[in-house]
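What follows is a short report on a single structure.
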Amino acid sequence: MVAIDALSADVAPPAQSPASAVWRRFRRHRLGLAGLWITVLLYVATIFVEILSPQAPDAYSTRYAYYPPQAIHLFRDGRFEPHVLGYKVQFDYASGTRSFVADPRAVVPLGLWVKGDEYRWLGLIPANRHLLGPVDPRQRVFFAGADRLGRDVLSRTIYAARVSMTIGLAGVALSLVLGVAIGGISGYAGGMTDQVIQRFIEFLQSLPSIPLWIGFAAAIPKDTPPLQTYFLISLVLSMLGWTGLARVVRGRFLAMKEEEFIKAAKLDGCSTMRILFRHMLPCFYSHIIAVITLAIPAMILAETSLSFLGIGLKAPVISWGVLLQEIQNIRSMYTAPWLFLPGAVVVFAVLALNFLGDGLRDAADPHGS
Amino acid sequence: MLRFILQRLLWVPPTLIAISVVAFAIINLPPGDYVDRYALQAAAQGDVMTEAQKEALRITYGLDAPIPVQYVRWMSDMLLHGNFGWSFQHSRPVAEVIGERLGLTAILSIVTLTVTWMIAIPIGIYSAVRRYSIADYVFTSLGFFGLALPNFLLALALMYALFVFTGQSVGGLFSSQYADAPWSLGKVLDLLAHLWIPILVLGISGMASIIRTIRANLLDELRAPYLSAARAKGLPETWALLKYPVRHAMNPFVSGLNDVFVHIISGETIVAIVLGLETTGPLLFDALRNQDMFLAATLIMFLGILGMIGTLFSDVLLAWLDPRIRRQFTLVERRA
Amino acid sequence: MAEVLHDTPFLEVRDLHVSFAEGDRQFTALDGVSFQVRRGRTLCLVGESGCGKSLTAKAILQVMGDNARIGQGGIWLCRDGRESIDIAALDPRGSAIRSIRGNDIAMIYQEPMSALSPLYTIGDQISEVLRWHGNTSRSEAREEAIAVLRAVGMPAPEKRFDAYSFELSGGQRQRAMIAMALVGRPQLLIADEPTTALDVTTQAVILDLLRERQQAQGMAMLFITHDLGVVSEVADDVAVMYMGRIVESGPVAEVLSDPRHPYTRGLLASRPSVTGRRRDRLETIPGTVPHLHNRPSGCAFFARCGHRRPGECDRQAPPPRQLAEARQAACWALDDEGHLQAAETHAPAVARRKPDYTCPPLLKVRGLKKHFLQGGGLFTKPRRVRSLDGVSFDIWPGETLGLVGESGCGKSTLGQTVIGLHKPSEGKVFLSNKGHDVDLAALPPAARRRHWRDIRMVFQDPNGSFNPRLTVYDILAEVLSVAGESRPAIASRVHEVMRMVGLDTAYLDRHAHAFSGGQRQRIGIARALASRPRLIIADEPVSALDVSVQAQILNLLRDLQAELGLSYLFISHDLSVVRHISDRVAVMYAGQVVELAPTEELFSAPRHPYTRALLNSVLEPTVARRTERQRLAGSVPDPAAFPEGCRFHPRCSLASDECRRTPPPLAASGSGRDVACFHPLPAAVPVRLLEPA
């Protein structure tokens, strides 16, 4: 064995993988961490929407049209007995308007894990239990009020989360595949291929995006079944998203191609495929995760806007954008401001995802790119 | 420099043709045409059109020809006669329909942009220079909110708030008595009284992203050695900041200005629909939905041209701001 | 002399403490630094990276950045006829410090490319100093800036005034930077590694310029460098820094000839020399400078010190001890007279194996060319950059061929073309394989891949040459698993090479970025060794490392060669390193080899004028300062537009008409030496006498 200088003085290298370094930096980002937990909660909630919502989303009754939100009272006559109070309807015949007045005698006792509207959990398992609701299944409660058909706004908002939160994922997944594949080819191949792809992306980006959007969305026939609409809309969303991602991936590939460790991999005898998939792609996992986390809220906002305009998802599909269509009618907005609830939830979810994405990006790329 | 601009201009015609083809394709993507829509509407009012009537209408509108032929006709009319076609919906020439909305759109957008930049750029600079100060936190969180809040929702919320506090329903750019009145001082004042709502709505989301961009760019530049060198030369702090890092941070901002003109014309579509503004955004939206083909195609073409002008504008501005780009082209010229 | 000593110092730093805030924690970066800078004299701050040299300079001007804070201590400035002020107590954004910056004290930054803004002309950036400090009009400021540009030797200063930094060459940029510092007529010039990014020939010219300006303006100078050769060239006094403390200081001749602190000794001993005795092994300082986060208690040098006394040195940091007038050292191991007790060196000598020139060469490179096409658009023809333009040489088994030249001469391209990262434009690369030669350049990629195991590469950048996602095991195993070897075979080979380079196999599951620079370079060598190569191409393998770590790596390469009979193609810009490690040396200029000779002959009697100029520019930490030297003017030619004839002729003092017309061929001139020159220097007369060992 060769005589070697003692290395005793060298500090032992810390056992820390890049992924754990990213996680450590991310944990210091408090807003990002909060965003992570809220995002996780929201996505877990999308699995249990049937149980979380007090009513079936399409249960309607004209009796309850524009029924205002009912506050939960925890105590009754000094005893712990959660309940809400019903409203009495009063007609003002002079002005022809209807108003709701809380009725202290119309007590609706509340319970946990109560029987209520029947549903199939995830469309499969029949059940009728709800996390929170009136003890008597014949009674109805509206924690966040009702819409013009007397449907429960809270239940509908919860159900909408399933569609709105996942349509972003689907759109991002699609644009991710397109973006990584095309951007990767462009960046790795370079030369003529790269030039052609870049001109094409530039052309796509130079197209004014809003009419493109409207045009594609309007091109979806009105009688398309809901599930198909869902996928078509996510396709439309991803068509707008992939060019940006492709540019990011290409830029990274181009920069990385010049890195010495890629030359080293070449000299190790690696094939092009091995270099791409073993050496290059894993190096920007964290970056890609950050980029797609930031793309999801953009897609949620896009879906909301499209559906709000009536060219995205349409009833009977329930999404936040569809729900917000209710307040396109100015009058109903003025009489029933609780119809803003889905909007508030959109802002909340998008904020959480943005914080998460920002935190991830900072953690993945501590010195900026 | 001149050569650089010329080189850019060379790309304009092919791109325009490509855009016009895509525009035409998008419009013809949905099944059916304007006559079908028209017949549907008529049927809803109890007026059923016969196939012969429909065919006659198609011939009047020139919709009977195959789409490529329609395209060539439209293009040649436009290029040879300056005729942009006929709007079916409005039963008027396209040029007229667009023309009457253009002025207002431009006023609204230019005022919005100016206000946004004048507020957002200084805030972005302040936020970066005084990082982690209370003001920075406030602006940063406002920025996050601005990004998370869809602007149509902001518009609705603002309308609701105004309704609750003033009891007035707002919308549009003019009060009813001025809507069709000729321009007067009163009308201008009325416009200003209405204009602030769309400006506020559009401004907030625009500001949010500008503040974020400027702040992020500047934070990188604040680490650059030339700032340290400028300080070491004894320049006053503010001057050193403005002359070096701020000027450097403007470059990525300027290169992002390429779609500024597109934004001016179509950026506020959804807000304009919500607020009932008579701008080009809702016009395009309706034209697309109703397959008002030539109106939609002309508007998209128009947007395409604006997009290219914007890119050219930001490229030239960047070259003017950044000697590296400027000299690169003079070098090429000298060598060629 | 006495007058100078009694003169009050222009700047006195006393017990300066600076700490960095990271999150909620504070890290001490300067731990009680004290020194004086006197008028008309130069103080050199010297030490490895991370010792706090640059931070000290920035603290003096209060431009340290937001998270650094001066804890205690003072920076006293004593201007003529005015009372002293403590800079450390001034508001870093106030007007008092502003009137000092650029006016009394000016600074030259390490990298002019990033310290000069590309958005403004250099004239603007120079003259703004005058416009802010005095009531100078724009035209007066321009006149004065041009005068200073002329004084720092900028060619065509009127024209360069309106040039941008990216339009200048490296040397011109540094001149502009110096002009920017000098234009305010400062009384103290701080120069932070002003020549580190430059080629040796340019470095020598810039150092001459700085010294000349210092004498002309009577400035004091604080010069920061890691290079002891530069120290001996510019310093009057020297202060050696280690981890935020000054461990030794004194007049330059005394410190270099009689170092007292173990760290100073280590720095001097681990540096190979161009003129001195050639040693088989370099003495080393084990380990590396610890990160600020891991500052040891007691003497910061304790863990790396050969003289350490456990129980004493690691308890309390040694205070500076006055050894003589103006001479201090901070070490517990000094005896009563202030001398360091001799410690046993732990560098066992390994027998050096001589290359066998009787057998056929391992690698034969013939007429190798690599041309790149650059740029080119719709209207412009691409430029043909001739990075390599007809290079031929042989490497024998067990031999080290050193390859030197200034940046841009094509030496890295040569390495990468030989190994196959670039496809050669022309020429052949023969590898001897079982008795006959295979032309690698002619092989299709798939066939070529089989020979990749025979020739391996060690890269310069210990950060960038490892995939951040892979563990050390994966990195070392990659070449073997691509070749399809079995898992147990791979595992045993990985452990073997890890031990060969002196690393603990327990660290195989760590990621490369967790290691120090020197350790990473060992991993790089292990990766090269994994496939049992016959030739290793080492492209600047030690130039990113501190001098003490550099010595460890050079020793390792030497040991491995003796053990395994490897051949090296050793590419470096550092002549002392090349001399230390090479059996023969090839000098490259403008894409061609201009001289190729056995190491000792080349260094003692260079025959090509360019080789001589290169050697002349090398700075050595010798006591006696060399007097007159010829400087190499001009810069390396544009590789897309080489001059006619000999490519060196515009910079050559011996150039004749023939040189301007015809390119000289690389011709054998006896005793195994090849020179491409019509007027070679005589072989017998050495440029300078070798110093006694």
Notebook entry, point to check: Using 30° and 60° as the class limits, which term best fits the ring planes of C:His293 and C:His291: parallel, tilted or perpendicular?
Noted result: perpendicular
Check: At a heavy-atom separation under 4.5 Å, does C:Arg448 approach chain A through its side chain, its backbone, both, or neither?
Finding: neither
Notebook entry, point to check: If you count heavy-atom pairs under 4.5 Å between each of C:Ile475, C:Leu470, C:Asn467 and chain A, which one has the most?
Noted result: C:Asn467
Check: Which answer fits C:Ile455, side chain, backbone, both or neither, if we ask what part of it has an atom under 4.5 Å from a heavy atom of chain A?
Finding: neither
Check: So which of C:Thr471, C:Asp461, C:Ile285, C:Leu480 has the biggest tally of heavy-atom pairs under 4.5 Å with chain A?
Finding: C:Asp461
Item checked: Any donor-acceptor N or O pair under 3.5 Å, side chains A:Ser186, A:Arg247 -> no
Margin query: The test is ring pair (Phe, Tyr, Trp, His ring centres under 6.0 Å); show your working for C:His422 and C:Phe372 and say whether it passes.
Written below: CA-CA 10 Å; C:His422 300 306; C:Phe372 295 97; 5.2 Å; yes
Next item on the list: Check whether C:Arg453 gets within reach of chain A through its side chain, its backbone, both or neither, counting any heavy atom under 4.5 Å.
Entry: neither
Notebook entry, point to check: Can C:Arg308 be said to sit on top of C:Phe302's aromatic six-ring, NZ or CZ under 6.0 Å from centre and within 45° of the ring axis?
Noted result: yes
Checklist line | Contact origin within A:Arg278 toward chain C - heavy atom pairs under 4.5 Å | finding: both
Notebook entry, point to check: In chain order, what residues pass the ring-ring contact (aromatic ring centres under 6.0 Å, His included) check against A:Trp37, with sequence neighbours excluded?
Noted result: none
Item checked: Under 4.5 Å from any heavy atom of chain A - which part of C:Phe466 -> backbone
Next item on the list: Would you check if there is a donor-acceptor pair between the side chains of C:Thr413 and C:Gln416 at a distance under 3.5 Å?
Entry: no
